[in-house]
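Residue numbers begin at 1 in each chain, while the letters A, B, ... track the order of the sequences.
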Amino acid sequence: MNKAWIIAKRELNAWFDSLVAYIVIVAFLAFSGIFTWLAGADIFLRQQADLSVFFGVARWTLFFFIPAITMRLIAEEKRSGTIELVLTKNVTDRDFVLGKFLASLLMVSIVLACTLPYYFTVSILGPIDHGATIAGYFGLLLLSAAYIGIGLFASSLSNNQIVAFLLALFISIFFQFLFDVFADSTSGIIARLFDMLSAMRHYDSIARGVLDSKDLIYFLSLCFVGLVLTEWRVKQRR
Amino acid sequence: MDIRIEHLTKSYGVQKAVDDISFTVRPGEILGFLGPNGAGKTTTMKIITNYLEPDSGDVLIGGQSVRDGRMKRYIGYLPEHNPLYPEMNVIDFLTWCAQVQDVPAHLIGTRIREMVRLCGLEREKHKKIGELSKGYRQRVGLAQAMIHDPEVLILDEPTTGLDPNQIVEIRALIRQLGQQKTVILSTHILPEVEATCDRILIINRGRIVADGTPQTLRKQAQGHQVLHIRLEEADPDEAVKAIMALPTVAGVDLLHVEECRLEVQSKPETTSNRAIFDLCKQRGWALVEMVPHETRLEDIFRNLTMN
């Protein structure tokens with residue numbers, strides 16, 4: 001675990017030393033800010049002091065941003081050969097994958113922390129449901145963990161960052177909304193299965209402030225499967 | 001710690017990269033790993049460092065198998081092509097390497113200063129690795145391999161990209177390290193092996209084809225003494241006949257008629273220097289040159305690996 005942290009710290013430093021981290025933060029804030037406060041069904045039309053508009057927007061912003069964060073992490077190490085440098089040091093394959101995961105999750109947490117002023121602003125405007133808001137943020141983190149798992153797996157499949165990015169989007173889009181569409185267009189046990197797989201349904205129930213262990217297990221297992229597959233892919237070199 | 005390699009085999013698909021290789025390297029020994037491209041040098045090194053897993057066989061370091069990865073902390077490795085993180089500066093990178101290799105926090109500063117001094121990185125230490133020239137990058141590669149003072153050093157082509165002065169320095173450094181540590185280095189540069197290594201291992205198509213000191217390899221390859229001589233005041237044809245008649249001589253070639261240059265091959269286990277000298281004295285020929293002809297390492301290498 002200690003090793004994973006050393007790996008993660010290096011990634012975070014690399015992001016903040018280059019402009020990448022700042023670009024991600026600014027772009028995320030611009031994107032979700034516009035759709036939360038200015039355009040479309042914005043927060044003022046709801047007649048209610050809550051952040052559900054933001055949570056709806058952030059779900060999509062993260063969908064695009066997480067693959068952009070994770071695409072480099074393993075693909076680039078494989079392309080440049082530095083993966084050999086790391087893995088022949090006193091680091092296990094698991095530390096390596098966990099380090100990458102930890103770095104991504106921290107990066108997303110920092111980005112999400114930058115939206116906390118939204119929360120303070122709305123709480124000044126009216127009586128906000130603190131529980132639901134905290135649950136919403138928690139839901140975003142869970143969703144992120146799941147998509148990071150997928151993103152890392154995609155990154156481990158290719159040496160090319162762009163391929164990794166598109167692959168991550170392709171896999172995530174099923175969970176993002178295709179399974180939901182499938183669930184609506186089918187019936188019976190198949191519909192229930194798709195319903196179970198849809199990240200949208202699980203996320204919506206958390207974002208409403210209902211913290212069900214089913215949803216928690218869903219996101220954590222999605223993340224877990226992603227990381228296990230990533231480690232398996234990293235081991236494949238042998 | 002010694003390195004024991006036991007019946008190592010590794011295939012990529014149907015092609016055997018390493019085919020039943022066994023050898024041992026003792027502490028205080030520098031082993032030069034030679035072979036043409038694709039002979040299996042790098043694969044063997046990747047298995048020793050636990051980056052790859054062998055299909056069969058094992059690598060033991062200090063008696064412990066490397067398979068579970070626990071021996072990695074005792075190994076310093078400079079991979080082929082020397083991959084580094086270009087966006088990091090030298091000091092940050094070495095600090096990170098030291099942390100990953102479990103160098104205790106209070107020793108990290110000392111170790112880095114030591115490496116910067118040893119590898120001559122003083123002026124470049126605050127630069128980003130991506131901005132360094134190839135030679136300096138190679139030095140950073142060596143520094144990261146040695147940062148945790150490992151018992152075993154595995155260096156895949158350590159002197160590529162260095163200028164002649166740096167090559168001399170790095171060779172001296174490797175020789176010095178080799179006195180206490182166990183070193184395996186691979187190279188294409190044959191004089192380098194002679195200059196740095198105690199022992200040479202030549203592999204070809206995944207198999208060991210020669211193993212020994214440069215001297216023993218020469219002897220094996222040659223088997224008998226070869227002398228190049230030049231005579232003055234002698235008739236070449238007559239000289240060839242007379243030398244051929246000596247009891248220890250197996251063959252004589254006339255290399256150059258006007259200069260009267262001859263190549264004399266002795267019979268196995270004999271020398272002809274004395275007999276030739278006596279013959280010249282007797283006939284009144286002036287023996288102006290007599291040079292033992294050594295088979296060059298290049299020739300040995302070619303003979304063993306061209307097939």
Asker: Does CD in Gln15(B) sit with more than 12 non-hydrogen atoms of other residues, nucleotides or ligands closer than 6.0 Å?
Answerer: no

Asker: Can you confirm whether more than 12 heavy atoms, excluding those of Phe16(A), are under 6.0 Å from its CZ atom?
Answerer: yes

Asker: Grab the two heavy atoms, one from Arg238(A) and one from Leu52(B), that are nearest each other, plus how far apart they are.
Answerer: CA-CD2, 4.0 Å

Asker: Select one option (side chain, backbone, both, neither) describing which atoms of Glu87(B) are under 4.5 Å from chain A's heavy atoms.
Answerer: side chain

Asker: Using heavy-atom distances under 4.5 Å, tell me whether Phe93(B) contacts chain A through its side chain, its backbone, both, or neither.
Answerer: side chain

Asker: Quick one: of His81(B), His148(B), Met88(B), who has the most non-hydrogen atom pairs under 4.5 Å with chain A?
Answerer: Met88(B)

Asker: Among Trp96(B), Tyr77(B), Tyr85(B), which residue forms the greatest number of heavy-atom pairs with chain A at distances under 4.5 Å?
Answerer: Tyr85(B)

Asker: Output yes when Arg10(A) and Asp92(B) qualify as a salt bridge under the 4.0 Å nitrogen-oxygen rule, no when they do not.
Answerer: no

Asker: Do Glu80(B) and Glu84(A) come within less than 4.5 Å of each other through their side chains, counting heavy atoms only?
Answerer: no

Asker: Supply the atom-to-atom distance Asn90(A) CG to Cys97(B) SG, rounded to the nearest 0.5 angstrom.
Answerer: 12.5 Å

Asker: Which pair of heavy atoms, one from Pro83(B) and one from Ser80(A), lies closest together, and at what distance?
Answerer: CB-O, 3.5 Å

Asker: Can you name the closest pair of heavy atoms from Leu84(B) and Thr82(A) and give their distance?
Answerer: O-CG2, 3.4 Å

Asker: Most heavy-atom pairs under 4.5 angstrom with chain A, which of Val100(B), Thr49(B), Ile75(B)?
Answerer: Val100(B)

Asker: In Å and rounded to the nearest 0.5 Å, what is the OG1 to CG distance from Thr92(A) to Asn50(B)?
Answerer: 10.5 Å

Asker: If you draw a 6.0 Å radius around NZ in Lys9(A), do more than 12 non-hydrogen atoms from other residues or ligands fall strictly inside?
Answerer: yes

Asker: Is it true that, when you exclude Arg67(B) itself, more than 12 heavy atoms of the residues, nucleotides or ligands shown sit nearer than 6.0 Å to its CZ?
Answerer: yes

Asker: Side-chain contact, heavy-atom cut-off 4.5 Å: Lys46(B) with Thr88(A)?
Answerer: no

Asker: Mind ranking Glu76(A), Arg237(A), Lys235(A) by heavy-atom pairs under 4.5 Å with chain B and telling me who comes out on top?
Answerer: Arg237(A)

Asker: Would you find more than 12 non-hydrogen atoms of other residues, nucleotides or ligands less than 6.0 Å from Arg175(B) atom CZ?
Answerer: yes

Asker: With heavy-atom distances below 4.5 Å as the criterion, would you say the side chains of Lys89(A) and Gln144(B) are in contact?
Answerer: yes

